[in-house]
Amino acid sequence: MYDKGHGYSVSIHYDRRLYKQDIAGSVAHARMLAAGGILSDSEVELIVTGLRSIREEIESGAFPWRDSLEDIHMNVEARLVEKIGAPAAGKLHTGRSRNDQVALDMRMYLKDAIVDICDGIRGVQLSLVDVSGAHAGTLMPGYTHLQRAQPVLFAHHLLAYFHMLERDLSRFRDCLRRLDVMPLGSGALAGVPYPTDREFLAGELGFSAVSANSMDAVSDRDYLAEFHSAAAICMMHLSRLAEEVVLWSSREFGFVTLDPEYVTGSSIMPQKRNPDFAELARGKTGRVYGHLMGILTVLKGLPLSYNRDLQEDKEGAFDTIDTLQATLEVFSGMLSTMTVNRDRMELASGESYMLATDLADYLVSEKKVPFREAYGAVKELCSYAGSEGKALGDLAVEEYRRFSPHFDEGVYRISAASSVAARDIEGGTAPRRVDEALRRAREVLDQGGPARAMGRSRGEAVT
Ligand code: ARG
């Protein structure tokens, strides 16, 4: 009927996902029309009952999806005609267009998706905090340039990701706040000529504001561009953590052992335990970045107002939602089930060269040597020790003194543990500070789901 037979304009195979939002929007719209005297009480009753049974049909799998009707809106409307007859069903679309209808549906869908994603982020943060708490004192080498740099606490390293995810969460919340705007009443583009109580619709559908310009309302997809960017950044964070997990679980590092649930064997090498889930998360980041480019490109040349190009906003959005939700779920499971090989980490963090900065710091704070002079002395000391094949702790005091007369027995008190303890500064890796950071992180998590407090769409509640 709508599609010309070649299927090019058909979107029902993916936009059927919007059925709950579409039906909830129609129910609210029908009630609003009834309040305005456009529908009688018996008509609205008929429409709401019909929509309810359509929803049941969809959920039980009995709904007759038709490609010829192109999209979710036309499929539901045509089915309503079959169920309650054209006279009543035909009035539902009074003062509405598919243009403001689809804008409504997508906003509602995304609101719910963002709330779920925020829950998923909280789940990963919880795993990070749990692992950090269970390994509060565990030392590990901290890296720059992927070279061992200075010892840190493993918990300090993990909590860095807690903070990245906290920023992600705030980006999603911010996006949610801006997309929480109800577009019905905009019609095709110019607004509608019927009495339309937009505030009532917003209230029924759980929106906190109504759109201010009908042309903007039917063509705006900024909220998707924002959502895709927040998702891309979040995936980038997870991908970085995935890379760490891949490295840490390698034989070279051996810092963690992944639960069998999160590794796969090789079809040819019997000894292999491949970190496929972490690798997949790293790989799937590509498609999420791609969808961000996709939506930005779809939008860039569009004149006002609605253009059919906008139908291309959906598949990418759905795929990003699915990918991000699944990745968050994998991470919270993978992190909370991995075994942390404390001995391996502490062995690696005991490497004496990582204490070179501490030796220089020792000369500076205990002996008042200028930092650059101390730095030079320790640099030469390290290359001497390296050429002798010795650890710094194995050098005699006399050997130390060859590089600076200020060295004394005190150098032997410098260790990985003393090194981290010395970084006793807000944001530093000293155990006291990390405990405090952990306590604050728990507090944030205990405050509960801030995303939920912003409110779901009322897609579930309305019918
Ligand atoms: N399926 C369409 C979309 O997703 C719905 C709006 C169609 N509007 C139109 N004027 N053809 O954008």
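Residues: numbered from 1 along the sequence shown. What's counted below: heavy atoms across the whole structure, side chains too, no hydrogens, waters or symmetry copies. As the structure lists them, so they are numbered: ligands from 1, and atoms in each ligand from 1.
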(request) Kindly say whether the aromatic ring centers of Phe154 and Phe255 come within a distance under 6.0 Å. (result) no
(request) Can you sort out which atoms of ligand 1 are near Asp71, meaning under 4.0 Å from one of its heavy atoms? (result) 1 (N), 2 (C), 5 (C)
(message) What protein heavy atom lies closest to atom 10 (N) of ligand 1? Include the residue and the distance to one decimal.
(response) Asn99 OD1, 3.1 Å
(message) Atom CD of residue position Glu329 - does it have more than 12 heavy atoms of other residues, nucleotides or ligands inside 6.0 Å?
(response) no
(request) Kindly state whether the ring of Phe172 and the ring of Phe227 have centres lying under 6.0 angstrom apart. (result) yes
(request) Compare Gln311, Met106, Arg98, Glu312 and give the one whose heavy atom is closest to atom 1 (N) of ligand 1. (result) Gln311
(request) Number the atoms of ligand 1 from 1 as they appear, then name those within less than 4.0 Å of a heavy atom of Arg308, with their elements. (result) 11 (N)
(message) Less than 6.0 angstrom separating the ring centers of Tyr19 and Trp65, yes or no?
(response) no
(request) For atom 6 (C) of ligand 1, grab the closest protein heavy atom and report residue, atom and distance to one decimal in Å. (result) Tyr306 OH, 3.4 Å
(request) Select one of side chain, backbone, both or neither to describe which atoms of Glu70 lie under 4.0 Å from any atom of ligand 1, heavy atoms only. (result) neither
(message) Quick check on Lys314 - does any of its heavy atoms sit under 4.0 Å from an atom of ligand 1?
(response) yes
(request) Using the six-membered ring of Phe207, assess whether NZ or CZ of Lys111 lies under 6.0 Å from its centre and within 45 degrees of the ring axis. (result) yes
(request) State whether Tyr143 and Arg148 meet the cation-pi test: NZ (Lys) or CZ (Arg) under 6.0 Å from the six-membered ring centroid, and within 45° of the perpendicular axis. (result) no
(request) Could you tell me whether His73 and ligand 1 have an N or O pair separated by under 3.5 Å? (result) no
